[in-house]
Every structure is written in structure tokens, then in C-alpha cells.
There are 2 protein chains.
Amino acid sequence: MASSPKFQAPKGTRDFFPPEMAVRRHIEAAWRSASIDCGFDEIEGPTFEHLELYTVKSGQGIVNELFSFRRAGGENDYALRPEFTPTLARMAAAKGASLALPTKWFAIPVHFRAERPQRGRLREFVQWNVDLIGPPSAESDAEVIGCAILALERLGLGADAVRVKLSHRGAVAAALRALGVPDASMAGAFELLDRRDKLPPDEFGQRAAGLGLPPAALDRFNELARTRVPLSAGIDGVVAALGVPASDVAELATLVSVLEAMDLAAWCEFDLGIVRGLAYYTGVVFEIHEASGAERAIAGGGRYDGLIELFGGPSLGAVGFGMGDVVLGLVLADRGLLAPERAAELLPRPDCFFISADPALDPIMHRLRSTLRRAGLHARHSAKASRNVGKLLGDAAKCRARFACIVGAEATGGQVALKDMATGEQRMVAVAELASLVAR
Amino acid sequence: MASSPKFQAPKGTRDFFPPEMAVRRHIEAAWRSASIDCGFDEIEGPTFEHLELYTVKSGQGIVNELFSFRRAGGENDYALRPEFTPTLARMAAAKGASLALPTKWFAIPVHFRAERPQRGRLREFVQWNVDLIGPPSAESDAEVIGCAILALERLGLGADAVRVKLSHRGAVAAALRALGVPDASMAGAFELLDRRDKLPPDEFGQRAAGLGLPPAALDRFNELARTRVPLSAGIDGVVAALGVPASDVAELATLVSVLEAMDLAAWCEFDLGIVRGLAYYTGVVFEIHEASGAERAIAGGGRYDGLIELFGGPSLGAVGFGMGDVVLGLVLADRGLLAPERAAELLPRPDCFFISADPALDPIMHRLRSTLRRAGLHARHSAKASRNVGKLLGDAAKCRARFACIVGAEATGGQVALKDMATGEQRMVAVAELASLVAR
């Protein structure tokens with residue numbers, strides 16, 4: 001029975017035992033603290049939504065990538081949320097005109113995709129979402145990008161380890177038009193750009209030829225898809241690469257100046273092949289990748305003005321990104337930032353480990369342990385049958401307790417032994433003083 | 001379009017805007033800190049499981065209470081988890097003999113029930129789960145009960161506000177047998193006891209009569225279902241109420257002595273009508289209720305020795321409970337512990353609110369804001385077009401910022417104005433010192 005697949009986690013999902021959970025909470029804590037320090041407020045929505053919330057934009061095609069279902073006897077179709085933006089747009093639309101502007105929201109929900117699991121892509125994953133709703137501005141774009149960078153920095157990743165790749169849908173569309181891509185093929189060209197690193201060069205070339213491009217433009221399309229320009233080269237490099245007037249890259253130029261003021265330019269580069277797969281992006285788009293390009297994108301986002309209106313809300317600008325825990329976890333592990341030894345260090349440290357030297361003293365130990373816990377301290381005791389104090393002190397050290405408290409015969413007189421596990425110093429103390437002596 | 005039900009949260013689920021999310025995180029923080037201080041380690045599992053994980057114990061009858069589904073083209077049936085214990089038992093079974101004993105786990109997952117939503121009962125809810133796996137003992141039972149009480153105490157509820165109601169499945173079964181309930185009707189008698197407060201007295205009486213009880217025993221069954229004995233009355237009161245030998249209440253007696261040692265007796269009482277609905281409980285069972293009995297149970301749990309073996313693991317004792325956020329939230333709100341004013345206080349406070357007196361100075365403000373955030377501080381700025389410093393100081397006060405930093409003409413010379421929002425004191429400081437002056 002133990003070997004039955006029915007008694008394993010479903011394919012593409014994860015069991016988080018304490019070490020894995022400590023890693024997850026470590027990542028989430030960096031996300032949360034960066035969000036709060038950047039002035040974003042946390043929200044959350046339902047784990048499943050009406051199926052139409054997803055099909056209204058993307059049509060029935062998306063249904064195969066969703067886990068969808070209907071309650072027995074119910075009338076509505078639901079889907080486990082594959083992403084957070086439709087929920088956020090629905091919530092913003094519900095507030096309507098009462099929404100304060102700008103509204104800065106973050107969320108750390110789980111998401112679901114009914115795809116084949118592969119490296120960096122699971123069927124259930126945690127994703128940090130950061131969104132700023134308000135009048136479109138480069139400051140807003142920079143604010144969400146800066147928040148992503150702040151979290152990565154707190155997780156130990158530097159500008160050498162990850163690259164923030166900036167692009168702009170309007171600028172890329174102008175360049176494609178200049179190349180001769182007909183408007184009817186624009187969506188196909190965007191989709192092709194989005195998959196440029198996942199397709200073999202032959203197939204990429206074949207599909208590009210199918211876009212109706214004049215043969216002479218094919219090489220330039222190919223070049224465009226792979227153009228990476230350092231931010232230091234300035235916006236002129238982008239203009240040259242795209243072959244479009246400077247006015248079409250004006251928003252990117254302003255964004256760069258704000259990122260420079262925020263001292264974040266070293267993290268960023270232009271990557272004109274980036275357009276993002278989802279249909280709702282309207283302006284600046286960006287992805288964050290591990291510097292060597294070894295993994296899928298760590299994060300992706302951009303401006304999606306108009307989406308909230310689509311869900312029945314006012315016409316509002318918005319910009320945001322999503323960052324999943326799966327690829328990020330791989331990047332952190334690859335760089336030794338989440339080695340198993342380190343994961344163990346992430347588990348909570350007890351403030352006091354109680355050892356009762358005699359079963360008759362257990363009631364005193366139980367009361368002292370309660371007192372410490374009520375004082376806000378992390379107090380454990382050995383549940384082992386052994387009353388060998390030396391051996392139990394080893395258990396105290398193993399769980400990295402700050403203090404050990406040995407409840408011996410003197411406890412009936414109100415005294416216990418308190419051992420500082422770092423210094424090894426041990427002394428008798430009054431039980432009434434125990435909590436204040438152990439307090440952090 | 002805004003009014004379409006498709007663009008609302010599904011029935012029985014919730015949108016958490018920042019004030020509601022702050023309340024949720026406040027409750028979760030109390031749960032988490034109590035768990036950690038009591039030495040429990042956090043785990044998590046998949047949001048959906050193989051449907052068989054739930055039907056193996058309860059048969060097909062449970063399917064109507066589950067949201068179940070199948071991936072398009074897939075072969076397996078899944079269900080959104082209605083509770084955490086099967087996942088925990090599966091995870092413990094997977095560790096097999098390598099599981100350290102005792103293992104102390106907690107989790108704060110979301111759960112789903114496809115029932116009609118009503119007060120205290122939603123289709124999606126958060127539930128704190130605390131479980132101790134190891135040799136059965138009253139210490140273990142008391143450890144999980146103590147953890148529940150610690151969290152409630154930290155949320156502001158005292159022994160006068162909530163009652164921990166203790167019972168024991170074995171003792172109640174012995175009493176039912178003594179009353180003449182045939183073994184074939186035992187499951188029905190338990191189910192009836194579990195629903196005693198939800199059924200009208202007439203219907204309760206009718207169903208009790210259907211259990212095959214001798215007419216003289218019906219009154220005593222009724223009495224048993226409503227017997228509440230203060231812990232201070234001692235175990236003799238329980239023996240008298242149940243009419244069973246003291247040996248059948250020995251485990252309860254030991255539990256009481258440990259709870260007394262832990263100074264928790266004032267929170268507890270015996271309630272012999274408590275048996276818990278789920279089939280897997282085997283010994284001590286308990287529920288926590290608001291003292292007046294006005295709401296559904298805040299928490300429920302008990303001992304479930306043998307469940308892990310059922311999922312293919314070793315034969316292990318286990319005890320645990322679940323506490324949902326919905327009833328608890330109602331109890332806290334009813335007692336004024338989560339009034340809307342208080343919810344606003346739970347939102348994070350900015351350390352520094354930046355005001356740029358002139359658009360030309362925005363780049364300096366952007367850099368200073370980045371510097372503070374990188375130093376681990378919560379820094380915001382006004383995104384308003386207004387440059388009226390007095391008005392913007394009002395915004396700083398409104399979001400309860402600790403300091404306001406006014407970036408004026410002197411900023412080009414390296415000086416900014418720093419205002420302590422609590423004292424109103426304002427002075428010029430060097431930008432290089434700003435982070436250390438604002439540091440908490």
C-alpha cells in the first residue's frame with residue numbers, strides 16, 4: 001500500500017518536510033520584506049476562480065492548461081488559478097472609483113498548471129506577485145523592478161548573478177512593422193519572439209519565414225530576436241538595433257534614467273527579444289534571468305494598462321511581475337545559497353531545552369516550560385525515556401538550543417541549573433528568574 | 001460586465017484586500033509563533049491530492065463534499081484537500097522508519113469544502129494543523145492542547161472567553177455499551193452525539209430512539225450527550241456521569257494531571273457529548289468553543305493512533321487538532337479584538353516617508369529611498385503630483401510613518417530635513433547619515 005501512487009503526492013506537486021518548508025519560508029520572507037519595505041500591501045484571493053475569468057481573454061485554448069472542475073450538482077465551471085493577474089484585475093475592478101491611486105499590492109499565492117512537469121516547471125508552485133496600479137509612469141515601472149531586485153539581493157544574489165532584461169512591446173511592434181511584418185502576423189511574430197530560446201534555430205527560421213516577411217528582413221528579425229544591449233550603451237544602441245525613431249523608445253529611455261537614479265542600472269540590460277507570452281501586456285516588459293542563461297526566467301512582468309477596465313473596472317494603468325519559487329530555488333541552490341546544511345540553519349532555534357532528571361520532577365518541568373512559552377520564548381523538552389543528562393544535553397546542542405535548563409532535585413526548592421550552550425557556562429538560578437534570563 | 005457573477009469571487013470564497021489580509025496574517029502569526037515556541041516544525045503539502053486519499057477511509061459518500069476533478073486527458077482523479085490529516089499521514093508514512101519520534105509538525109494550509117456556505121463555514125478557509133506523532137502519552141495530548149491555548153492567549157482570548165472541552169472516545173463507547181447501545185449502532189450513536197447541538201431536540205430524541213436503546217436508557221443517553229463537568233470536579237464526576245469503571249477514564253485522568261502541571265486546567269472542562277465526526281479518532285478528543293457557545297467549534301482534534309499505518313507507514317501513535325480562521329475570526333471580531341480600527345493598525349508602518357519638494361530633486365529622492373530600502377527599512381514616497389510639503393506631511397501621518405524626509409534645495413549640497421512624526425521635531429541631517437538615523 002505504501003508504494004501505491006495514490007498515496008504519493010500528485011505528479012508535479014511537492015511535499016514540504018521541515019527542511020524544504022524552511023527554504024520556502026526563507027524565500028517568502030525575502031519576498032514579503034522587500035514588498036513591505038517598498039510600500040506594497042499584501043492581498044490574497046481565492047485558490048480557484050470562475051473558469052470564464054481566464055477564458056474571457058484567452059479563449060477556450062487555455063482550458064487544456066488549466067485544472068478545471070465543477071462542483072457535484074453545481075452549475076458553474078471553476079479553474080485552479082494559473083496566474084494571479086486576472087484575480088488582481090477583478091479585485092481592483094470591484095473597488096472601482098474608490099481605489100486609491102496609486103494602489104500598490106503584492107501577493108504570495110500558489111498557482112497551478114496542468115502541463116507536463118519539467119525542470120523549473122511544476123504543476124503547483126508559489127509565485128510572488130507585485131503590482132502597482134495608477135497613472136502610467138516610468139517611476140511606477142522602476143518601483144516594481146526595484147522591488148524584485150531588492151528581494152533577490154536579500155537572498156544573496158548580486159548584479160553579477162542575475163540580469164534584468166528590459167524591452168518594450170510598443171517599440172518591438174514598431175520595429176517589426178518597419179521590417180515589413182503585416183499586422184495580421186504581429187501576434188504570431190510576438191509568440192515566436194517569446195519562444196526564441198526554446199525553439200531549435202531551424203524551426204525558428206522556418207516559422208519566421210512563415211510570417212510573410214520579405215526575405216531580406218528575415219536576417220534582421222533574427223538579429224532583433226537576439227539583440228542584447230548593455231544599459232551603459234544608452235538608448236541610442238536600442239534605436240540602432242530596432243531601426244525605429246527615438247520617439248518609439250522614449251518610455252524605455254525614461255525608465256533607464258529612473259533606474260540609474262535608483263542605482264539599479266548595473267542589474268539591467270536591454271533584450272529586444274523579450275515580449276512576454278501573455279496577451280495583456282501593453283508597454284515596458286521585462287524578465288529576470290540567471291546571468292549564464294542556464295535556467296528559465298526567474299521572473300517576468302510588464303505594463304498591462306487596460307486589463308482592469310476589461311474586468312469591468314475604471315480605465316487604469318498597471319504594471320507588475322510574477323516570480324515563482326521553482327526556478328528561483330534552483331538558481332539559489334546552484335549557487336550554494338540553499339545547500340542542505342544551510343537549510344537546517346533556517347529551522348527555528350529553541351531558546352531553552354528542558355531536561356527533567358527524574359520523572360517525579362516532570363510536573364515542575366511542565367510548568368516552567370509553559371511559563372517560558374507564555375513569555376514568548378521557544379521552549380522544548382526531551383521526550384526521550386532516558387534521564388541521562390549528558391546525553392540529553394547532546395540533544396539540546398543538536399537542535400541548536402541557546403540554553404539548556406536541567407530540572408534536578410533542587411527544583412523542589414525553587415532552583416534549576418541553566419546552561420548557556422554557546423559558552424558552556426552552567427549555574428543555579430531561581431525558577432522565578434528563568435524567563436528573564438533566557439529572554440532574547 | 002462589472003456586475004457579472006463570473007467576475008466575482010466564487011461563492012463561499014474570499015477576496016482579501018489589505019485590511020482583511022492584515023487580519024489573516026495577524027491570526028497566522030499567532031498560530032505560527034505558538035507552534036514554533038512549542039517546538040513544532042512547519043510542513044506543507046499539495047493543495048490537491050489523489051481522490052483515493054480521501055475515499056479510502058470514508059468511502060464514496062465523501063465525494064459530494066469534495067471539489068474533485070481530472071486533468072483534461074489525464075487518468076487520475078484529484079480532490080482539493082478538505083482537511084490536512086490524510087496528507088500528514090501520507091507524508092509520515094513516506095518517511096517510514098526514518099521518522100524521528102516524537103515528530104512535531106504544524107501546517108497552515110487552505111482547505112476546501114463543496115458545501116453550502118453559512119456563518120462560520122466557507123468553501124475555502126485557512127486551517128492551522130498541529131500534530132504530534134510518537135508513542136501515545138498524556139504529555140503528547142497536553143502538548144498539542146497547550147499549543148492551541150498559547151495561540152488563543154496571544155490573540156487576546158482568555159480562559160473566560162473560550163472553553164477547551166475534553167472527552168475520550170473509548171470512555172464514551174464504554175458508557176454507550178453500558179447503556180445498552182448495540183455495537184452495530186455504535187457508529188450511529190457517535191454521529192448523533194457529534195450533531196447533538198445542531199439537531200432540534202425532537203429530532204435528536206427520535207434518532208436516539210432509533211439506536212435500539214432500551215427506553216429507560218434513552219434519558220441517560222440524552223443526559224450523557226449534554227454532560228459538562230468542570231475539571232475541578234475531578235475524574236470522579238466523569239465516572240459518575242458515564243457510569244463506567246475508573247479504568248476506562250484513566251487516560252483522561254492522566255491528561256488532567258499534566259494540564260494542571262502546565263497551569264492550563266482553568267481553560268478546560270469535560271464535555272462527554274464530544275466525540276468528533278471523523279472516523280479516525282481513537283482516544284482523547286477535544287473541541288475548543290467560544291465560552292457562550294454562540295459559534296461553531298473554534299478547533300477540534302484528538303488522538304488518531306493507527307492512521308499512519310493505514311497509509312502504509314509504521315504503526316505509530318498520533319494526536320493533533322485543526323483550527324480554522326473563519327470561526328476564530330468571528331469570535332475575535334465579536335469580542336472587539338479585530339475591530340476595523342484595529343485591522344488598520346495591523347498594516348505595516350513605514351519607517352520613512354519621502355517628500356520631494358521639486359521634480360528636479362526626484363532623482364536624489366529615488367536614490368535615498370533605494371539606500372534606505374537596501375538597509376532593511378520600509379521607505380515610501382508620495383506619488384502625488386502635488387509638491388505642497390504640508391499636505392504631503394499629512395499623507396505621511398496618515399500612513400503612520402515614523403519619520404518624514406523632505407528632499408529640498410539643500411539636498412544638492414547633501415542635506416535633507418528629517419522630521420520625527422511622533423515628536424514633530426525636524427532637523428537638517430547629512431544624507432550619508434539618513435539610514436542610521438531612521439534605523440529601528
Side-chain angles (χ1 to χ4, degrees), chain A residues 1-2 6-7 9-10 13-18 21 25 36-39 41-50 52-53 63-64 67-69 71-72 78 90-91 93 102 110 114 124 134 146 150 153 258 261-263 311-313 347-348 350 363 366-367 370 373-374 377-380 383, chain B residues 1-2 6-7 9-10 13-18 21 25 36-39 41-50 52-53 63-64 67-69 71-72 78 90-91 93 102 110 114 124 134 146 150 153 258 261-263 311-313 347-348 350 363 366-367 370 373-374 377-380 383:
Chain A
M1 197 154 165
K6 307 304 181 196
F7 294 103
T13 71
R14 291 171 287 178
D15 286 336
F16 292 85
F17 290 94
M21 195 64 193
R25 290 298 185 206
I36 291 171
D37 289 350
C38 291
D41 292 317
E42 190 169 12
I43 62 166
E44 177 55 296
T47 301
F48 60 88
E49 292 272 8
H50 288 286
E52 280 92 339
L53 192 72
V63 175
N64 283 343
F67 286 107
S68 59
F69 58 93
R71 185 174 65 92
Y78 301 113
R90 180 179 64 65
M91 288 173 66
V110 288
E124 177 172 5
L150 187 63
E153 200 169 42
V258 180
M262 290 169 75
D263 203 17
F311 286 107
L347 290 169
H366 283 139
R367 184 171 296 253
S370 281
R373 288 174 178 173
R374 281 176 161 165
L377 296 166
H378 176 170
R380 299 193 183 192
Chain B
M1 197 155 166
K6 306 304 181 195
F7 294 102
T13 70
R14 291 171 286 179
D15 287 334
F16 292 86
F17 289 93
M21 194 63 193
R25 291 297 185 205
I36 290 171
D37 288 350
C38 292
D41 293 316
E42 190 170 11
I43 62 166
E44 176 56 296
T47 301
F48 61 88
E49 293 272 8
H50 288 285
E52 280 93 339
L53 193 73
V63 175
N64 283 344
F67 287 106
S68 59
F69 58 93
R71 183 174 66 91
Y78 302 111
R90 179 178 65 65
M91 287 175 67
V110 288
E124 177 171 6
L150 187 63
E153 202 169 39
V258 181
M262 289 168 74
D263 203 17
F311 286 107
L347 291 170
H366 283 138
R367 183 172 299 252
S370 280
R373 289 174 178 175
R374 281 177 161 162
L377 296 166
H378 176 170
R380 299 194 184 193

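Quick note on labels: first sequence line is chain A, next is B, and so on, each numbered from 1. A quick note: this is a predicted structure, and the numbers were derived from the prediction, not measured.
- When the side-chain contact (heavy atoms from CB on, under 4.5 Å) test is applied to Arg71(A), the partners found at least two apart in sequence or on another chain are Phe67(B), Ala114(B), Arg123(B).
- With salt bridges taken as basic N to acidic carboxylate O contacts below 4.0 Å, none links Asp37(A) and Arg373(B).
- Using a 4.5 Å cut-off between heavy atoms, Pro350(B) does not touch chain A at all.
- If you measure heavy-atom distances from Phe17(A) to chain B, the contacts under 4.5 Å come from both the backbone and the side chain.
- The residue among Ala379(A), Pro102(A), Ser68(A) with the most heavy atom pairs within less than 4.5 Å of chain B is Ala379(A).
- Contact of Glu124(A) with chain B is made through the side chain alone, with heavy-atom distances under 4.5 Å.
- Chosen from Asp15(A), Thr13(A), Val110(A), the residue pairing most often with chain B at heavy-atom distances under 4.5 Å is Asp15(A).
- One finds the CZ atom of Phe48(A) at 14.5 Å from the CZ atom of Phe48(B) (value rounded to the nearest 0.5 Å).
- Residue contact with chain B, scored on non-hydrogen atoms closer than 4.5 Å, involves the side chain of Glu153(A) exclusively.
- For the atom pair CD of Glu52(B) and CZ of Phe7(A), the computed distance is 7.5 Å after rounding to the nearest 0.5 Å.
- Within the 4.5 Å cutoff, the side chain of Glu49(B) has heavy atoms near those of the Pro10(A) side chain.
- Minimum interatomic distance between Glu42(B) and Met21(A) (heavy atoms only, all atoms of both residues): O-CB, 3.2 Å.
- Under a 3.5 Å cut-off, the side chain of His366(A) and the backbone N or O of Met262(B) do not form any donor-acceptor pair.
- The pair Arg380(B)-Asp41(A) counts as a salt bridge, with a side-chain nitrogen and a carboxylate oxygen less than 4.0 angstrom apart.
- Contacts of Leu377(A) with chain B are made by backbone atoms alone, with heavy-atom separations under 4.5 Å and no side-chain atom involved.
- Between chain B and the residues Gly146(A), Cys38(A), Ser370(A), Gly134(A), the largest count of heavy-atom pairs under 4.5 Å involves Cys38(A).
- Interatomic distance, CG of Asp263(B) versus CZ of Arg367(A), reported as 4.5 Å (0.5 Å rounding).
- Side-chain contact between Pro46(A) and Arg14(B) is absent, with no heavy-atom pair separated by less than 4.5 Å.
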